[in-house]
2 protein chains.
Amino acid sequence: MARRSQTETAVLGALSMHPMTAYALREAIRDVLGHFWSESFGQIYPTLGALEQQGHVERREGPRSGSSTFAITDSGTARLRELLSEPIAATPPRSGLLLRLFFGRTLGVRKCRELLLEARADAERSLAEYDRLARTISAEEAGSPDLPYVLTTISAGRHNAEAAIAWADEALALLEDVPGDDPPADGPPANGDS
Amino acid sequence: MARRSQTETAVLGALSMHPMTAYALREAIRDVLGHFWSESFGQIYPTLGALEQQGHVERREGPRSGSSTFAITDSGTARLRELLSEPIAATPPRSGLLLRLFFGRTLGVRKCRELLLEARADAERSLAEYDRLARTISAEEAGSPDLPYVLTTISAGRHNAEAAIAWADEALALLEDVPGDDPPADGPPANGDS
DNA sequence: TCCATCATGTAATCCGTTACATGATTAG
DNA sequence: CTAATCATGTAACGGATTACATGATGGA
């Protein structure tokens with residue numbers, strides 16, 4: 001069971017929408033699934049090769065000489081359905097931001113505030129991006145059977161971004177009354193080098 | 001630079017609160033940082049060893065024969081400050097749930113609804129847990145300089161859980177009018193086995 | 001002609017999980 | 001005495017990123 005983990009799922013899924021070259025696949029995963037998924041370059045080719053050997057995808061003439069277009073086969077669609085039905089493998093959480101805030105006493109309040117403001121700004125930007133995306137896709141893909149599903153994933157991004165903004169504000173308030181003793185420079189005190 | 005990635009940060013951070021054995025460290029990371037961080041077992045011992053060699057932690061007599069308690073040293077605290085100040089390494093997103101919903105046409109509406117209901121229930125449970133946690137810690141650690149920082153991380157969990165609930169409801173509404181053609185069983189149609 | 005983009009792949013390496021292997025202490 | 005918990009480590013494996021290596025095509 002060469003369960004290439006969930007890479008297989010992402011690749012088959014992307015190809016289930018329309019056939020494309022490995023290169024285009026990579027861009028589709030980055031640009032279309034990018035908000036909630038990522039695949040590294042070096043995974044895509046080997047996975048495609050394995051899927052081809054298993055008969056789940058078919059290699060055809062590509063747009064350039066030496067290039068190939070991959071299309072999902074019936075067995076590939078069945079395999080995808082199977083993979084999507086598997087229980088979700090829980091990704092262990094790893095938030096560098098929360099790790100820093102948790103040890104904020106050591107980091108210093110000032111830097112914590114900076115991190116929070118940055119996070120807030122990032123979230124604000126994502127929020128705008130999700131709104132734009134939702135409008136674009138709703139128009140472009142109007143009537144597509146995929147549309148409602150795609151919209152649920154965009155909605156997830158929107159809600160997360162909104163939550164991040166509200167959280168950042170609350171967290172900034174929580175740190176409001178913390179004494180500004182913070183810049184505990186890494187050497188002895190009263191040393192303004194950095 | 002054997003940058004044991006961010007494991008080093010988590011280990012030094014945990015030891016910055018109080019000295020403990022490697023075993024206790026593991027439990028602290030699981031139970032205390034667990035909402036936003038995880039370290040696998042096999043990372044902790046080697047990392048502690050490396051930190052000891054660099055003089056960032058000190059090994060002392062442990063509570064049992066053959067066991068050791070580790071304490072952070074001054075250089076360790078400086079190192080922690082350094083690590084915490086580094087730019088946050090963005091973790092590539094990987095949401096198995098959103099991956100499944102995105103390809104929901106293939107998975108089938110029914111299973112998508114089930115996934116959403118599950119996710120909603122999970123979030124509801126976390127929410128209660130975060131509330132309980134916030135109350136417990138506020139009482140237990142009242143007056144601790146770490147308290148406000150810890151509360152910001154709990155607040156993050158709360159907001160995320162709330163967002164997940166609101167999102168699940170919205171997503172369920174989005175899938176409301178999708179025709180229930182869904183169970184595209186992996187064989188021929190008109191087969192009510194499951 | 002030359003650069004950006006399209007295109008395909010391999011290899012080295014790192015990070016992290018899991019399984020394995022062992023033993024001391026304490027509570028029931 | 002015996003099971004649960006505390007305690008420490010190593011080894012094997014698998015998954016993922018990154019760097020390396022190469023080349024075609026088309027537009028400026």
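Lettering follows sequence order; numbering is per chain, from 1. Just so it is clear, the structure is predicted and the values come from calculations on it, not from any experiment.
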Proximal nucleotide (of C:dT8, C:dT17, C:dG16) relative to the A:Tyr45 side chain = C:dT8
key: B:Leu51 CG to D:dG9 P, straight-line distance once rounded to whole Å   = 14 Å
inquiry  = Show me the pairs that pass side chain to side chain donor-acceptor pair (under 3.5 Å) and involve residues 12-21 of chain B, at least two apart or across chains.
reply    = none
remark   = When rounded to whole Å, the CD to C1' distance for the pair A:Glu8 and D:dG15 reads 14 Å
message = Whether B:Thr21 contacts D:dC6 is assessed here as follows: a side-chain N or O lying under 4.0 Å from the phosphate OP1 or OP2. Is that the case?
response = no
task = Give the nucleotide from the list C:dT8, C:dC6, C:dT17 with an atom nearest to the side chain of A:Ala22.
result = C:dT8
inquiry  = Please tell me if A:Thr7 has a side-chain N or O lying less than 4.0 Å from either OP1 or OP2 of D:dG15.
reply    = no
message = Whether B:Tyr23 contacts D:dT8 is assessed here as follows: a side-chain N or O lying under 4.0 Å from the phosphate OP1 or OP2. Is that the case?
response = no
inquiry  = Please check if the number of heavy atoms outside B:Asp31 that lie under 6.0 Å from its CG is greater than 12.
reply    = yes
request  = Can you tell me the distance, in whole Å, between the CZ atom of B:Phe70 and the P atom of D:dT8?
outcome  = 7 Å
inquiry  = A side-chain contact here means heavy atoms from C-beta on lying under 4.5 Å apart; do B:Leu33 and A:Phe103 qualify?
reply    = yes
Return a table of donor-acceptor pairs under 3.5 angstrom between the side chains of residues 136-144 of chain B and protein atoms on other chains or two or more places apart.
| from | atom 1 | to | atom 2 | distance (Å) |
| --- | --- | --- | --- | --- |
| B:Thr136 | OG1 | B:Arg132 | O | 2.8 |
| B:Ser138 | OG | B:Ala134 | O | 2.7 |
| B:Ser144 | OG | B:Asp146 | N | 3.0 |

task = State which of C:dC15, C:dC6, D:dT17 makes the closest approach to the side chain of A:Glu27.
result = C:dC6
task = Establish, from distance only, whether the side-chain atoms of A:Glu39 and A:Thr7 form a donor-acceptor pair under 3.5 Å.
result = yes
ask   = Which of these nucleotides, C:dT18, D:dA16, C:dT8, is closest to any side-chain atom of B:Arg94?
value = D:dA16
query = In residues 59-69 of chain A, which residues come under 4.0 Å of DNA chain D by heavy atom?
reply = A:Arg64, A:Ser65
task = Write down the distance between CH2 (B:Trp37) and C1' (C:dT17), rounded to a whole number of angstrom.
result = 15 Å
message = Side chain of B:Phe41 only, heavy atoms from C-beta on: which candidate in C:dG16, D:dT18, D:dG9 is closest?
response = D:dG9
Whole-Å distance separating the CG atom of A:Leu48 from the P atom of C:dG9 = 9 Å
request  = Scan A:Arg26 against the nucleic acid and name what it touches under 4.0 Å (heavy atoms): base, sugar-phosphate only, or nothing.
outcome  = nothing
key: A:Leu51 CG to A:Leu12 CG distance, which is reported to the nearest 0.5 Å   = 4.5 Å
inquiry  = Measure CG/B:Leu25 against P/D:dC6 and give the value in whole Å, please.
reply    = 15 Å
task = Would you give the length of the straight line joining atom CG of B:Leu48 to atom CD of B:Gln43, rounded to the nearest 0.5 angstrom?
result = 11.5 Å
query = Does B:Ser40 place a side-chain N or O at less than 4.0 Å from the phosphate oxygens OP1/OP2 of C:dC15?
reply = no
